[in-house]
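In what follows, chains are A, B, ... by sequence order, proteins preceding strands, each numbered from 1.
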Number of protein chains: 2
Amino acid sequence: MAEIPTLSSDQVAYFMDIALAEAKRAGEIGEVPIGAVIVKDGQVIATGSNRREIDQEASSHAELLAINQANQELGTWRLENTALFVTLEPCLMCAGAIINARIPLVYYGAQDQKAGAVSSLYNVFEDERLNHQVKTYIGVKADQSKALLKDFFQEIRQKQKAKKQAAKELKKLAESE
Amino acid sequence: MAEIPTLSSDQVAYFMDIALAEAKRAGEIGEVPIGAVIVKDGQVIATGSNRREIDQEASSHAELLAINQANQELGTWRLENTALFVTLEPCLMCAGAIINARIPLVYYGAQDQKAGAVSSLYNVFEDERLNHQVKTYIGVKADQSKALLKDFFQEIRQKQKAKKQAAKELKKLAESE
């Protein structure tokens, strides 16, 4: 059985705050705001924020970038005795990467009803057929994660609406000339 | 509905041969021999071979490396109208990455009963709840893929056996002195 780190509730809150800060950073550069942190021995060893659009890479999700960084930091693909914090439920790719990296413990915020592979659509972390299982805590600071996502998509919709309105007025002007 | 490329059986055989060559290359540097190729408009746009041990990265699977390379090559995370060839059934991480990259067509060789997410343990490419489905052909040159894997693991077992034998003889020598 893999060793599972023990974290106090203060530590959990602190590390999820860092993941939320990473998410916010993603939102500020126009990415869907999702952030992740990997912790070992009570220390942050890697962070990641969603960079899909800026990198134009399908795999540039917060969790995968954090895993790559942690692998480099520790010099091994095995992230034993670590914990990963992420603001949104991992997708199939990221949940698979967490399993492949042997991360024993995951805390996540909001659930992803459309693509979540840990509790929403699949439950891959508890799959006994795989060679690794992951202890999981769901809903850590979920409201803050949801608020970030809601504000981000609201802003996008407002921008699209304003663009549409501007195009409409431009058309009206052109017709009146 | 996403556009799905049309490939002749000659093309399928040709591209899978390239994936097998990539797998062989992995085996030659001590990695589990798995290879992948991504094709667009009848041309190879990216290749990948398993590099987990040499990179010490949990995500350095053949498919993921090929996807990253194809993203860079095309300058977009959307690999529309492409086909991915891989010698072994993708795991959860790689199947998820294929979905995230919107690859519409996958050909794979051998099945992976322990970790395969496409037909063995899961069937994620046909999951209608996700926002992308993948047309899949299973068992393309599977025997050659299996032979590569079998030879690789046989060689590892032989090396381990020889090592054990040498240690035993060393011990015997030390005791006889």
Side-chain angles (χ1 to χ4, degrees), chain A residues 31 38 46 48 50-61 63-80 82 84 90-103 112-118 120-125 127-132 134, chain B residues 31 38 46 48 50-61 63-80 82 84 90-103 112-118 120-125 127-132 134:
Chain A
E31 302 277 350
I38 299 176
N50 177 30
R51 294 179 53 86
R52 185 180 71 172
E53 302 301 328
I54 216 159
D55 290 347
Q56 285 298 317
E57 283 205 8
S59 69
S60 283
H61 284 201
E63 302 94 308
L64 208 80
L65 294 171
I67 289 169
N68 288 348
Q69 198 183 102
N71 287 150
Q72 281 164 28
E73 180 66 22
L74 300 180
T76 170
W77 61 263
R78 290 178 177 272
L79 300 182
E80 285 160 0
T82 63
L84 183 142
C91 72
L92 279 168
M93 174 183 76
C94 292
I98 287 164
I99 292 168
N100 289 350
R102 309 285 193 271
I103 294 173
D112 184 352
Q113 302 295 344
K114 288 184 183 167
V118 179
S120 296
L121 301 185
Y122 293 91
N123 187 354
V124 302
F125 286 169
D127 189 339
E128 298 276 347
R129 301 169 304 173
L130 297 169
N131 64 356
H132 180 76
V134 182
Chain B
E31 302 277 352
I38 299 176
N50 177 30
R51 295 178 54 86
R52 186 180 67 170
E53 301 302 329
I54 215 158
D55 290 347
Q56 285 298 318
E57 284 206 7
S59 68
S60 284
H61 284 199
E63 303 95 307
L64 208 80
L65 294 171
I67 289 170
N68 287 348
Q69 196 183 102
N71 287 150
Q72 280 164 28
E73 179 66 23
L74 300 180
T76 169
W77 62 264
R78 290 178 177 274
L79 300 182
E80 285 160 0
T82 64
L84 181 142
C91 71
L92 279 167
M93 176 183 76
C94 292
I98 287 164
I99 293 169
N100 289 349
R102 309 285 193 270
I103 295 173
D112 183 353
Q113 302 294 344
K114 287 184 185 169
V118 180
S120 297
L121 301 185
Y122 293 91
N123 187 354
V124 303
F125 286 169
D127 188 339
E128 298 276 346
R129 299 170 304 172
L130 297 170
N131 64 357
H132 180 75
V134 182

(request) Test side chain to side chain contact (heavy atoms under 4.5 Å, CB included) on A/Asp127 and B/Leu92 and set out the steps. (result) CA-CA 12 Å; A/Asp127 189 339; B/Leu92 279 167; over 6 Å; no
(request) With a 4.5 Å cut-off on heavy-atom pairs, point out which of B/Val124, B/Ile67, B/Asp55 contacts chain A the most. (result) B/Val124
(request) Could you tell me which portion of B/Ala95 (side chain, backbone, both or neither) has an atom closer than 4.5 angstrom to a non-hydrogen atom of chain A? (result) neither
(message) Can you give me the closest heavy-atom contact between A/Thr76 and B/Gln56, atom names plus distance?
(response) CA-OE1, 3.2 Å
(request) Answer with side chain, backbone, both or neither: which region of B/Ile99 has an atom nearer than 4.5 Å to a non-hydrogen atom of chain A? (result) side chain
(request) Write down the atom of B/Cys91, the atom of A/Asn100, and the distance for their closest heavy-atom approach. (result) SG-ND2, 3.7 Å
(message) Please rank A/Lys114, A/Arg78, A/Glu53 by heavy-atom pairs under 4.5 Å with chain B and give me the top one.
(response) A/Glu53
(message) Testing the basics here: between B/Ser59 and A/Asn68, what is the closest heavy-atom pair and its distance to 0.1 Å?
(response) OG-OD1, 2.7 Å
(request) Would you mind checking which part of A/Ala97 comes under 4.5 Å of any heavy atom in chain B, side chain (CB onward), backbone (N, CA, C, O), both or neither? (result) both
(request) State the CD-CD distance between A/Glu57 and B/Gln72, to the nearest 0.5 angstrom. (result) 5.0 Å
(request) Look at the side chain of B/Arg129 and the backbone N and O of A/Leu121, then say whether any donor-acceptor pair between them is shorter than 3.5 Å. (result) yes
(request) Please state whether the side chain, the backbone, both or neither of A/Leu79 comes within less than 4.5 Å of a heavy atom of chain B. (result) neither
